[in-house]
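The shown structure was predicted, so the numbers you read here are calculated from the model rather than taken from an experiment. Lettering follows sequence order; numbering is per chain, from 1.
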2 protein chains.
Amino acid sequence: MVRGKQNGAARGARIGDVAREAGVSTATVSRALAHPAQVSKELRERVGAAVAKLGYTPNAAARQLRVKRSRTVLVVTRRRWSAPFFAEVLRGLDAELSAAGYAMVLANFDGDGGNRSRQLVDMMFSGTIEGAVMLSGIVVAAEGRTMLDAGLPLVSLCAAAEGTHTVLTNEAECIVEGARRLAALGHTDFLYLAGPPSNYNERVRWAALSAFFAEPRQAGLRLRRAESGDFSTDGGLLTAQAFLGLSPRPTAVIASADEIAIGFMKAVRAAGIGVPSDVSVLGFDGIEFADFCEPVLSTIRQPREALGRLGARVLIEAIEAPSLPPLSHHVLPSRLDFRASTGPAPAGAAAPRPQAAPAPKRKSARARVPAPAEGR
Amino acid sequence: MVRGKQNGAARGARIGDVAREAGVSTATVSRALAHPAQVSKELRERVGAAVAKLGYTPNAAARQLRVKRSRTVLVVTRRRWSAPFFAEVLRGLDAELSAAGYAMVLANFDGDGGNRSRQLVDMMFSGTIEGAVMLSGIVVAAEGRTMLDAGLPLVSLCAAAEGTHTVLTNEAECIVEGARRLAALGHTDFLYLAGPPSNYNERVRWAALSAFFAEPRQAGLRLRRAESGDFSTDGGLLTAQAFLGLSPRPTAVIASADEIAIGFMKAVRAAGIGVPSDVSVLGFDGIEFADFCEPVLSTIRQPREALGRLGARVLIEAIEAPSLPPLSHHVLPSRLDFRASTGPAPAGAAAPRPQAAPAPKRKSARARVPAPAEGR
DNA sequence: CTGTTAGCGCCTTCAG
DNA sequence: CTGAAGGCGCTAACAG
């Protein structure tokens, strides 16, 4: 097997070698591979044999230079994301992308001083990438250009962003519904465990929740806020400290992530607080381990893999559309799941208010158009 | 901003446009960008201005075709992996790779009927990739060629594979040490909760454990095995069923993954079995949630991010070495962490044997050579 | 220090 | 249906 003087260089056969071996022209080899129908059966077979014999694989860079397609997309993540959440979204993305023959370049973005930003923006402009999925919720910019300026299709997953296709969940509705359910259980004193304040989802959730509590007819309810700094169990421990210092103590806690809720529960229980006897806890995301902490965590389940799949499908459609399609916006439904960590307000607390609101309107948002392929 | 007739085509300025704008040749533009030192200050600035004015980004495919370097590596994962484990290894990989200016293509491999296999093997031969990290533990093959045949550097992470650089942990030692510690606590009746039997780590762990129990001087110990089918909490529930059907019941359980242990604990506790009063449970990996289940899980902590970082460093070194370096093999230490889920054998069980073994020899394996950059 | 030139490997008109 | 030829955009010799 011929190896180059150095590793790194692809040293295999080139199209000319195959042509010579098969006794045809390079054009015929190219056609036999890309458009078999345009080549006579005999030549097609001769070419196939030569390809197999020489172990020929077309050079991707050369092809790309000609056809201007890389069949590669970029996926931008954010390090501070919840790992279990992230892993499943990624799984959905990979499933759809690879099925459609696209490769996926993964890149973390943490706003580190412009260096990584430039890498990402350059990637958009260098022709290596045909589109991008952003899990970061932010359109990266560097040197006066943004990822958008390259004119490639962009999908923003789990976050809204100007100029991109978006795939979201009805997280705002869900968190309000959670608060409403807790209120119906007699809770009047709430604590919100916040994630990183710069995070899109954190903001949406807080905005929805505080707007709800600001409604005149929720006047009997009180909402406070504790900072975790992070979607992490450590952050949850932090919020527990804050909680323990409050007086009176809230009886209902809504966390912006399951990790936070799990950390919180562990710390307050260690301090002798009962869950849900003293305080009810509601998480967010529906990660696997919400089922295995003590007590089993009530949570808002997000359709993680479906988010990934739909994001991929939207991007692929935009890439393959004959002309730039209009920006699409999808909303996938999350699901409130009350379990052992939530219960009625403790007896000592304020008496349950009369039924707080008219029957909450059913989920209005539904996924539009391309249903994510759920089958394998 | 000029847009092509269709999206997907990079329609920005080309090097010739920049050259014209700056009034120099294309060679000078190329040099000013790649080797600024070789160009006079004045021209360098004129080129820089033209580049900025036109928003020029070199076309990656064309460059790649010339220089035969893509600065891209492939990372092959396996879907069935534990997500929290995987996420952190990936984090380590990304950190080192991006710092060194490499892009990372991520691809799941699940042996799906040869289609994905061909994609992966082709990638190795098409020049898009300069090397690969395999988290799958298997060298993918298709149509008579394997990923190895391309002659590119390959790193096998967390699994041994012929012909690749490997980065492993001392998992075999650790699991035996765990058994020894449990024996020292008086346990004589053991159950191993197996992961997927085709998995490399599963096999190593089982092999080490069963070899230990087969030693003549461990004759008083008994080891059985329950199948989880998977590194998952669901798998753990399955093994719990098996456990509950055993008679007499083992008093010490060693799981091949924390997820399995967590699922197991939940199910047996629901059945009225105390942990560790009736049965001690030892997990494997040290995932975050091992700290948040009930009781806190004893486990063997793997240096997940460090594994990723070291894997990346090894690969980069191999890629950038002037000539093919010899295959390297690194072993990173894992750490046994006994906590609340393990305790003395219950009183009813066989009396503690006299101290089982001579003081276990200290960890002999250490990471050789390139210490993973731990900073930032 | 700068410009001219010759491909890298492939695909795709354009003739035949 | 097949072959010849040009060029995608860039860089690295080689001259000057």
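With sequence neighbours excluded, no residue satisfies salt bridge (Lys or Arg N to Asp or Glu O under 4.0 Å) with A:R66. Scanning for side chain to side chain contact (heavy atoms under 4.5 Å, CB included) contacts around B:A60 gives A:S126, A:T128, with sequence neighbours left out. With sequence neighbours left out, A:S70 forms a side chain to side chain donor-acceptor pair (under 3.5 Å) with no residue at all. For B:S30, there are no side chain to side chain donor-acceptor pair (under 3.5 Å) partners at least two apart in sequence or on another chain. With sequence neighbours left out, B:T28 forms a side chain to side chain donor-acceptor pair (under 3.5 Å) with B:S25. Partners of B:E162 under the salt bridge (Lys or Arg N to Asp or Glu O under 4.0 Å) rule, at least two apart in sequence or in another chain, do not exist in this structure. With sequence neighbours left out, A:Y200 forms a side chain to side chain donor-acceptor pair (under 3.5 Å) with no residue at all. With sequence neighbours excluded, the residues that form a side chain to side chain contact (heavy atoms under 4.5 Å, CB included) with A:A132 are A:L74, A:M124, A:M147, A:L154.
In the region residues 40-49 of chain B, proximity to DNA chain C at under 4.0 angstrom, judged on heavy atoms, holds for B:S40, B:L43.
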If the sugar-phosphate is the primed atoms plus P, OP1 and OP2 and the base is the rest, what is the B/S/- string for nucleotides 11-16 of chain D, using protein heavy atoms under 4.0 Å?
-> BBB---
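Remark: P of D:dC10 and CZ of B:R69 are 19 Å apart, rounded to the nearest angstrom. One atom, CG of B:L65, and another, P of C:dC10, lie 9 Å apart when rounded to the nearest Å. Counting to the nearest Å, the P atom of D:dG9 and the CZ atom of B:R20 are 12 Å from each other. One can place CG of A:D122 at 13 Å from P of D:dC10, the figure rounded to the nearest angstrom. When the P atom of C:dC8 is taken as reference, atom CG of A:D17 falls 12 Å away, rounded to whole Å. What separates CG of B:N59 from P of C:dG9 is a distance of 17 Å, to the nearest Å. If you take CZ of A:F125 and C1' of D:dC10, they are 19 Å apart, rounded to a whole angstrom. Distance CD (B:Q64) to C1' (C:dG9): 12 Å, rounded to an integer number of Å.
A salt bridge does not link B:R309 to B:D94: none of the charged side-chain nitrogens sits closer than 4.0 Å to a carboxylate oxygen. Ion pairing between a basic and an acidic side chain is recognised when a charged N comes within 4.0 Å of a carboxylate O; B:E130 and B:R69 show such pairing.
Across its full length, the helix from C:dC1-D:dG16 to C:dG16-D:dC1 shows an angle of 40° between the axes of its 5 terminal pairs at either end, rounded to 10 degrees.
Checking the phosphate oxygens (OP1, OP2) of C:dT2, no side-chain nitrogen or oxygen of B:T28 falls inside 4.0 Å.
Distances were taken from every side-chain heavy atom of A:V24 (C-beta onward) to each of C:dT4, C:dC10, D:dG3; the shortest belongs to D:dG3.
Contacts classified as salt bridge (Lys or Arg N to Asp or Glu O under 4.0 Å) and involving residues 46-61 of chain A (residues at least two apart or in different chains) are given here: A:E21-A:K53, A:E42-A:R46.
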